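To start, the structure itself, in structure tokens.
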Amino acid sequence: LVDLTVDADFGACARHGASVDGARVFGSTTQGEWLQRMGIVARLEALLALEDITERQVDQLITACERLVDPAQMGERYRVLAVVDEGEGVPA
């Protein structure tokens, strides 16, 4: 798993990935959509339900989640592309 932040030509990356024997390409999709598919809301809800969480932590978690998924912030600015071994399952 690699996290890489660059101005990328996702079409070219997808075409190159698809040309590799044994590789499957998924995406690209927006960061917001991908994080929601990965369960960011359920994770946020679990953290907010912790007994010892402070109001400051609640505010920080909600703000961070909104920043990551909101289309007007990072949710559509960043994209995700997965290139996996064809023997692997479909990524979230």
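Everything quoted here is computed from the prediction, not taken from an experiment. Positions are given from 1 along the sequence.
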- Message: If hydrophobic clusters are built by linking Ile, Leu, Val, Met, Phe, Trp and Tyr wherever their side-chain heavy atoms come under 4.5 Å apart, do V84 and V25 end up in the same one?
- Response: no
- Query: Got a sec, which pairs hit salt bridge (Lys or Arg N to Asp or Glu O under 4.0 Å) with one end in residues 25-36, sequence neighbours left out?
  - Reply: E33-R37
- Query: Can you hop from L44 to I53 via hydrophobic side chains spaced under 4.5 Å?
  - Reply: yes
- Query: Which salt bridge (Lys or Arg N to Asp or Glu O under 4.0 Å) pairs, counting each pair once, include a residue from residues 52-70, with sequence neighbours left out?
  - Reply: none
- Query: Can any side-chain N or O of Q31 pair as donor or acceptor with the backbone N or O of L68 at less than 3.5 Å?
  - Reply: yes
- Task: Output the distance between atom CH2 (W34) and atom CG (L81), rounded to the nearest 0.5 Å.
- Result: 12.0 Å
- Query: Nearest 0.5 Å, what's the SG-CD distance between C65 and Q36?
  - Reply: 8.0 Å
- Item | Closest approach of V83 to A23 (non-hydrogen atoms, all atoms of both residues) | CG1-CB, 4.1 Å
- Item | side-chain hydrogen bond (donor to acceptor under 3.5 Å, both in side chains): pairs with one or both residues in residues 77-88, sequence neighbours excluded | S28-R79
- Message: According to a hydrophobic-cluster definition based on side-chain heavy atoms being under 4.5 Å apart (Ile, Leu, Val, Met, Phe, Trp, Tyr only), do L47 and M38 belong together?
- Response: no
- Message: A side-chain contact here means heavy atoms from C-beta on lying under 4.5 Å apart; do V80 and T30 qualify?
- Response: no
- Note on the structure: E76 meets the side chain to side chain donor-acceptor pair (under 3.5 Å) criterion, sequence neighbours left out, with none
- Contacts of T63 that satisfy side chain to side chain donor-acceptor pair (under 3.5 Å) - sequence neighbours left out: none
- Task: Answer yes or no: is there a side-chain heavy-atom contact under 4.5 Å between Q57 and T54?
- Result: yes
- Task: Sort and list the pairs that fulfil salt bridge (Lys or Arg N to Asp or Glu O under 4.0 Å) and have at least one residue in residues 6-21, not counting sequence neighbours.
- Result: none
